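Because the structure is a prediction, the values reported are computed rather than measured.
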Amino acid sequence: MLKNIFLEVKKKFETALGILKKEKITIDADDPAAVSQYAKVMKTVREKANLFSESQRIQYTIQTRTQDIPDARTYLLTLKDIRIKRGLIDELGAEVMMMDALDKVEKEIGKPLTRNDKKSMALLTAEFDKINKKLGIQKEDLPKYEEELELKIAKAQLEELKKDAFEAMETQKKREEFKDEAMPDVKSLDIRNFL
């Protein structure tokens, strides 16, 4: 079993490496075209190597961590915990609004809301729909939000690549044999040469 897991991981790694060796990646987090191209390459890597995107990873985490939770309050608190551990920020304040909606529904039904109480869950869902409308969030826009998340991640990864490349060049420059060499611009580096 362990051998099969290793072979599967090795196959995914080789697939990813094969794609990265073919694609030109410009290490420039400030250039929207470079960020978009990098995001496109990483999406291809994920698809060909059968890896989760960040939103798929979050969705999988939510499903696995919440499947046995019977009540809505613990469910929402678990979602908050997942968000915090993933480093995601509730910029809109939706979490507080969702908890307020839960409080309202629980006050209305006079007991804690369980997830298998279809009638009361419908009340909560209606409250959530009001919150989404107030915040301007529509279900049909979810692919757009997913794409925005992938672009943010791509930009952060390019910034990290730039930082790592710069640190490596600084280290090399300190060595005696490279003292007189000019340090190239990170944007001009082609990572295919380093794989």
Acceptor/donor pairs from residues 25-35 side chains to any protein atom, 3.5 angstrom cut, sequence neighbours excluded:
unit_1: Asp28; atom_1: OD1; unit_2: Asp30; atom_2: N; d: 3.2
unit_1: Asp31; atom_1: OD1; unit_2: Ala33; atom_2: N; d: 3.1

If the threshold is 4.0 Å, N to carboxylate O, is there a salt bridge linking Lys107 and Asp103?
no
Holding to salt bridge (charged side-chain N to carboxylate O under 4.0 Å, His left out), I want the full list of residues that pass it with Asp141, two or more places apart in sequence or in another chain.
none
Non-neighbouring partners of Gln59 that pass side chain to side chain donor-acceptor pair (under 3.5 Å), sequence neighbours left out
none
Any side-chain heavy-atom pair of Leu51 and Gln56 under 4.5 Å
no
Report whether Leu142 and Leu92 are members of the same hydrophobic cluster (ILVMFWY, side-chain heavy atoms less than 4.5 Å apart, transitive linking).
yes
Would you mind reporting whether Ile137 and Ile131 have side-chain heavy atoms less than 4.5 Å apart?
no
Report the distance from atom CG of Leu79 to atom CE of Met98, rounding to the nearest 0.5 Å.
6.0 Å
One should read off an interatomic distance between Asp71 CG and Thr114 OG1, to the nearest 0.5 angstrom, of 8.0 Å
Taking the side chain as every heavy atom from C-beta outward, state whether Leu102 and Met97 have any pair of such atoms under 4.5 Å apart.
no
Name all pairs fulfilling the salt bridge (charged side-chain N to carboxylate O under 4.0 Å, His left out) condition that reach into residues 41-54, sequence neighbours left out, sorted by first residue then second.
Arg46-Glu150, Glu54-Arg57, Glu54-Arg86
Please determine whether residues Met42 and Val9 belong to a single hydrophobic cluster, defined as Ile, Leu, Val, Met, Phe, Trp and Tyr linked transitively by side-chain heavy-atom distances below 4.5 Å.
no
Would you name the heavy atoms of Ser36 and Leu151 that are closest together and state the gap between them?
CA-CD2, 3.9 Å
Set of residues satisfying side chain to side chain donor-acceptor pair (under 3.5 Å) with respect to Glu148, sequence neighbours excluded:
none
Can you list everything that forms a side chain to side chain contact (heavy atoms under 4.5 Å, CB included) with Glu127? Sequence neighbours excluded, please.
Ala101, Lys104, Val105, Lys130
Ring pair (Phe, Tyr, Trp, His ring centres under 6.0 Å): pairs with one or both residues in residues 116-153, sequence neighbours excluded
none
Residues that Glu106 engages under side chain to side chain donor-acceptor pair (under 3.5 Å), provided they are two or more places apart
Arg73
With a 4.5 Å heavy-atom cut-off, do Leu20 and Val41 have their side chains touching?
yes
Supply the atom-to-atom distance Asp68 CG to Thr74 OG1, rounded to the nearest 0.5 angstrom.
12.5 Å
Partners passing side chain to side chain contact (heavy atoms under 4.5 Å, CB included) against Asp185 (at least two apart in sequence or in another chain):
Lys187, Ser188
Taking the side chain as C-beta and beyond, is there a heavy-atom pair between Arg115 and Pro70 under 4.5 Å?
no
Would Tyr38 end up clustered with Ile153 when hydrophobic side chains under 4.5 Å apart are linked, directly or stepwise?
no
So CE of Met1 and CG of Asn4: to nearest 0.5 Å the spacing works out to 9.0 Å
Any donor-acceptor N or O pair under 3.5 Å, side chains Asp81, Thr78:
no
Of all pairs that satisfy ring pair (Phe, Tyr, Trp, His ring centres under 6.0 Å), the ones with a partner from residues 58-86, not counting sequence neighbours:
Phe52-Tyr60
Count I, L, V, M, F, W, Y as connected when their side-chain heavy atoms are under 4.5 Å apart, and connections chain through other members. Are Leu124 and Ile69 then in the same cluster?
yes
Indicate yes or no for a side-chain donor-acceptor contact from Ser120 to the backbone of Asp117 under 3.5 Å, with no hydrogens or angles considered.
no
Answer whether the closest heavy-atom distance between the side chains of Arg83 and Glu95 falls below 4.5 Å.
yes
Report the distance from atom OG1 of Thr66 to atom CD1 of Ile82, rounding to the nearest 0.5 Å.
6.5 Å
Pairs under 3.5 angstrom only: tabulate donor-acceptor contacts from the side chains of residues 159-174 to other protein residues two or more places apart or in another chain.
unit_1: Thr171; atom_1: OG1; unit_2: Glu167; atom_2: O; d: 2.9
unit_1: Gln172; atom_1: OE1; unit_2: Arg175; atom_2: NH1; d: 3.1

For the atom pair OG (Ser55) and CD1 (Ile62), what is the distance rounded to the nearest 0.5 Å?
10.0 Å
Taking C-beta and beyond as the side chain, do Ile109 and Lys119 meet within less than 4.5 Å on heavy atoms?
no
By side chain to side chain donor-acceptor pair (under 3.5 Å) - contacts of Lys3 (at least two apart)
none
